[in-house]
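For reference, the structure is listed below as structure tokens.
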Amino acid sequence: MNPDDAPSPAPGYAAPRGSGSSEVREKGSRFLAVVAPAVDETAAEAVLEALRAEHPDATHHCWAWRLGATAEERSSDDGEPSGTAGVPILQVLRGRELSDVVAVVVRWYGGTRLGKGGLARAYAAAAREAAEAAPVGRRVPRDEIAVVLPYELIGAVKRLVRPPEVELKRESYGARVRFVLSVHRHLRGQLEASLADLGIL
């Protein structure tokens with residue numbers, strides 16, 4: 001196959017469509033992992049706080065999240081030795097190239113120390129199984145463009161609407177027509193050029 005004929009990569013990024021969970025036991029310690037969708041820090045923190053409230057008797061609530069098209073990252077060991085919990089959980093999310101996602105691993109200490117390597121492996125294993133259980137789809141960042149146009153251009157603008165890439169989100173009619181279009185971010189330039197050709201932008 002000619003490299004020029006290769007299909008272009010799918011736009012957007014992988015994100016969970018729902019939650020996944022798993023449980024791992026290691027030398028008496030119990031690790032309960034949950035991977036869930038999170039569109040922003042507030043949503044991620046809500047998942048974390050819900051698990052803290054549900055399992056107040058746990059020894060640790062360690063977590064990691066990746067958010068947005070740029071996959072901004074944060075993680076926490078929540079009192080475990082540095083680098084043994086949050087980072088291994090985060091590496092699982094990176095490895096699956098997920099974003100808009102939070103992973104929380106709740107641990108109950110079982111009385112036997114696992115060592116740093118053992119801890120990292122257990123946290124990663126729990127997070128990995130939960131991530132594998134979560135349904136995943138692709139999320140494409142969108143932008144909104146508001147346009148004002150005369151009535152005679154309604155048909156021409158509506159012909160540019162091609163769901164899901166370009167959607168007509170809102171419309172209002174007065175002396176002139178106002179449309180709000182929602183477009184996949186990577187196609188925004190094309191849409192603006194088409195609108196400019198109609199003399200709208």
Side-chain angles (χ1 to χ4, degrees), residues 6-26 29-78 80 84-108 119-144 161-169 181-188:
S8 58
Y13 52 89
R17 294 185 184 273
S19 298
S21 62
S22 70
E23 187 171 315
V24 170
R25 293 182 183 269
E26 184 68 27
S29 283
R30 176 185 169 209
F31 297 82
L32 172 66
V34 173
V35 169
V39 296
D40 54 27
E41 287 196 16
T42 300
E45 288 168 354
V47 173
L48 174 60
E49 291 306 318
L51 286 166
R52 282 179 172 153
E54 186 177 351
H55 305 291
D57 58 328
T59 317
H60 304 279
H61 301 81
C62 304
W63 54 268
W65 65 56
R66 304 181 84 223
L67 303 173
T70 57
E72 295 180 20
E73 300 176 341
R74 285 188 63 190
S75 65
S76 170
D77 297 311
D78 191 37
E80 293 281 32
T84 62
V87 169
I89 297 167
L90 182 59
Q91 287 173 338
V92 169
L93 303 181
R94 287 176 183 161
R96 296 183 70 83
E97 298 183 345
L98 294 174
S99 193
D100 286 351
V101 61
V102 59
V104 182
V105 182
V106 183
R107 181 195 180 195
W108 289 264
L119 279 172
R121 286 189 293 274
Y123 276 105
R128 187 177 304 110
E129 290 183 12
E132 289 171 354
V136 174
R138 293 200 71 77
R139 178 164 296 152
V140 181
R142 305 186 73 94
D143 290 336
E144 287 194 350
V161 175
R162 299 183 311 275
E165 291 88 358
V166 181
E167 298 176 350
L168 178 56
K169 300 298 287 186
L181 303 170
S182 175
V183 59
H184 284 181
R185 185 167 296 160
H186 69 286
L187 297 175
R188 176 173 183 147

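Values below: every heavy atom of this structure, side chains too, minus hydrogens, waters and symmetry copies.
Interatomic distance, R188 CZ to L181 CG, rounded to the nearest 0.5 Å: 10.5 Å. Expressed to the nearest 0.5 Å, how far CG of L48 lies from CH2 of W65 amounts to 7.0 Å.
No side-chain heavy atom of V102 sits under 4.5 Å from any side-chain heavy atom of V35. For the pair S19 and P37, the minimum side-chain heavy-atom distance is below 4.5 Å. Counting only heavy atoms from C-beta outward, the side chains of S29 and R107 approach each other to under 4.5 Å.
Dense packing is recorded around CZ of R30, with more than 12 heavy atoms of other residues, nucleotides or ligands lying under 6.0 Å away.
Of the possible polar contacts, one joining the H61 side chain to the H55 backbone as a donor-acceptor pair under 3.5 Å is found. A distance-only check finds no donor-acceptor pair linking the side chain of R185 to the backbone of P141 [under 3.5 Å].
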Please output the side-chain donor-acceptor pairs of residues 122-129 that fall under 3.5 Å, not counting sequence neighbours, one pair per line with the distance.
from : atom 1 : to  : atom 2 : distance (Å)
Y123 : OH     : E80 : OE2    : 2.6

Side-chain polar contacts of residues 84-101 - donor-acceptor pairs under 3.5 angstrom, sequence neighbours left out - could you list them?
from : atom 1 : to   : atom 2 : distance (Å)
T84  : OG1    : P81  : O      : 2.6
R94  : NE     : E73  : OE1    : 3.2
R94  : NE     : E73  : OE2    : 3.0
R94  : NH2    : E73  : OE1    : 2.8
S99  : OG     : G68  : N      : 3.2
S99  : OG     : G68  : O      : 2.6
D100 : OD1    : G68  : N      : 2.7
D100 : OD2    : Y13  : OH     : 2.7
D100 : OD2    : R139 : NH1    : 2.7

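Among all heavy-atom pairs drawn from A14 and R138, the shortest one is N-NH1, 3.9 Å. Shown here for A38 and A43, the closest heavy-atom pair between the two residues is CA-CB, 4.0 Å.
Not counting sequence neighbours, the partners of H184 by the ring-ring contact (aromatic ring centres under 6.0 Å, His included) test are H186.
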Worked verdict on R142 versus E167 for side chain to side chain contact (heavy atoms under 4.5 Å, CB included): CA-CA 10 Å; R142 305 186 73 94; E167 298 176 350; 3.5 Å; yes

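The pair E72-R74 does not meet the salt-bridge criterion, since no charged nitrogen lies less than 4.0 angstrom from a carboxylate oxygen.
Between the side chains of D57 and W108, at least one donor-acceptor pair of N or O atoms lies under 3.5 Å.
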